[in-house]
Q: 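One structure coming up, written as structure tokens, with questions to follow.
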There are 2 protein chains.
Amino acid sequence: MKAGPDATPFVRLFGRYLREQGLPVTHQREAVAEVVFGSGEHLSVDEIERVLRSGGHRIGKATIYRALDLLVDSKLVAELDFGEGFKRYEHRLSAEPIHEHLICLNCGTVIEFQSAEVHRIEASVSAQHGFRPTRHKLEIYGLCRDCIAAGVEVTSHGLTCPIETV
Amino acid sequence: MKAGPDATPFVRLFGRYLREQGLPVTHQREAVAEVVFGSGEHLSVDEIERVLRSGGHRIGKATIYRALDLLVDSKLVAELDFGEGFKRYEHRLSAEPIHEHLICLNCGTVIEFQSAEVHRIEASVSAQHGFRPTRHKLEIYGLCRDCIAAGVEVTSHGLTCPIETV
DNA sequence: GTCCATGCAAACCTTTTGCACTATA
DNA sequence: TATAGTGCAAAAGGTTTGCATGGAC
């Protein structure tokens with residue numbers, strides 16, 4: 001696990017959110033928050049559980065899921081889905097609050113980037129359709145630099161000749 | 001189920017793909033392909049099963065999943081994930097082969113759109129990171145025109161005051 | 001006749017829920 | 001002390017797999 005920013009101020013912020021909602025601030029909730037805020041990664045529930053266990057905590061998965069729901073409600077944490085069959089979570093308190101992802105189909109590495117253009121597209125397309133946008137997700141799938149250098153190829157087995165449309 | 005384009009030519013195309021791969025062309029595979037090609041919707045496995053049953057077919061879910069794997073391998077069908085907890089499938093043989101989605105958080109309606117800009121972003125960002133892109137996904141979440149007109153609001157319960165970062 | 005597909009059920013995996021017990025406030 | 005949270009295990013929901021049977025070629 002990579003060293004992250006000091007998580008304590010963010011954990012306090014989460015505590016404040018809980019109090020605002022009239023909910024108890026428990027050790028388990030603080031521990032889950034600390035792991036998520038203390039990591040720069042996109043963490044899965046399994047990874048969060050592993051970090052907690054290695055830190056001496058013994059917190060049930062159900063409690064982790066319930067704490068994550070609250071963190072997402074508080075808007076301090078974002079839920080991500082890269083199509084792996086499970087969700088990942090990341091804190092939203094970094095300098096770049098909204099970002100897009102390049103995802104390597106071979107090694108799973110995720111590279112983050114920002115794009116003002118995407119926001120422009122969001123605004124103009126939404127206007128065209130009478131849509132009121134709240135958030136978006138842009139993911140580009142392919143091969144990362146390292147996998148290209150290692151000679152990895154994305155295997156393709158599609159039809160061998162061009163598609164005749166009707 | 002909305003009336004779609006004549007699916008037969010596409011089913012034949014799929015049959016050709018199967019023969020190219022040395023795989024049997026079975027009635028079940030053709031039936032699944034016909035449902036997917038015959039619909040303009042993004043179909044879930046349950047919906048596909050329902051259409052098959054109402055058409056007199058009795059095909060097991062496992063077979064549907066296996067047929068869909070082949071359709072995706074053939075590149076004739078795309079797998080979609082709108083974060084609903086299950087996958088959806090759509091044919092890739094329409095006039096607009098690549099498209100993005102506006103997704104209503106209230107009613108689930110999906111509006112499709114195209115954007116040449118997204119392709120430019122894909123190319124330029126990939127170049128910046130030494131990444132070789134194969135595909136992308138842009139999804140904009142929010143409220144559709146009808147839900148706005150119906151007075152629906154996206155409920156937000158985040159922190160009530162601005163986030164103090166450290 | 002040889003493979004491979006099918007159907008069914010069981011297994012799997014992530015996530016949710018029920019309930020007795022415990023901690024917060 | 002009242003209310004809500006926790007842990008465990010069971011349930012749920014979508015998807016995958018094992019295996020005996022049946023169909024494609």
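Just so it is clear, the model here is predicted, and its values are computed rather than measured. Each chain gets a letter, A, B and so on, in the order its sequence line appears, and its residues count up from 1.
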Q: So does A:Pro24 get a backbone contact from the side chain of A:Arg29, meaning a donor-acceptor N/O pair under 3.5 Å?
A: yes
Q: Rounded to whole Å, please give me the gap between CG in A:Leu70 and C1' in D:dT6.
A: 13 Å
Q: For a quick test of reading the model: is some side-chain N or O of B:Tyr65 closer than 4.0 Å to OP1 or OP2 of D:dT15?
A: yes
Q: Could you check A:Glu41, A:Glu47, A:Glu79 and say which one makes a side chain to side chain donor-acceptor pair (under 3.5 Å) with A:Tyr89?
A: A:Glu79
Q: Which value, rounded to the nearest 0.5 Å, describes the distance between B:Glu117 atom CD and B:Ile121 atom CD1?
A: 6.0 Å
Q: Starting from P on D:dG5, measure out to CG on A:Asp69 and report it in whole angstrom.
A: 12 Å
Q: Is A:Thr63 reaching over with its side chain to a backbone N or O of A:Ile59, donor-acceptor style, under 3.5 angstrom?
A: no
Q: Enumerate all atom pairs, one protein N or O and one N or O from nucleotides 18-25 of chain D, separated by less than 3.5 Å.
A:
unit_1	atom_1	unit_2	atom_2	d
D:dA24	OP1	B:His27	ND1	3.2
D:dC25	OP1	B:Val25	N	3.1

Q: Where the side chain of B:Ser54 meets the backbone of B:Val51, is there a donor-acceptor pair that is under 3.5 Å apart?
A: yes
Q: Listed in order of residue number, which residues of residues 80-89 of chain B have a non-hydrogen atom at under 4.0 Å from DNA chain D?
A: B:Gly85, B:Phe86, B:Lys87
Q: Would you say the side-chain atoms of B:Ser44 pair up with the backbone N or O of B:Arg88, donor to acceptor, closer than 3.5 Å?
A: no
Q: Nucleotide range of DNA chain C contacted by chain A, 5' to 3', under 4.0 Å to a heavy atom?
A: C:dT14 to C:dA25
Q: Can you check the B:Ile64 CD1 to D:dT16 C1' distance for me, whole Å?
A: 14 Å
Q: Can you list the steps and then say if B:Lys137 with B:Asp81 is a salt bridge (charged side-chain N to carboxylate O under 4.0 Å, His left out)?
A: CA-CA 10 Å; B:Lys137 181 162 78 168; B:Asp81 185 346; 5.6 Å; no
Q: Please tell me whether B:His42 and B:His101 form a close aromatic pair, meaning their ring centres lie under 6.0 Å apart.
A: yes
Q: List the atom of B:Cys104, the atom of B:Leu143, and the distance in Å for their closest heavy-atom pair.
A: SG-CA, 4.0 Å
Q: Between A:His27 and A:His57 (judged by ring centroids, cut-off 6.0 Å), do the two rings come close enough to count as a pair?
A: no
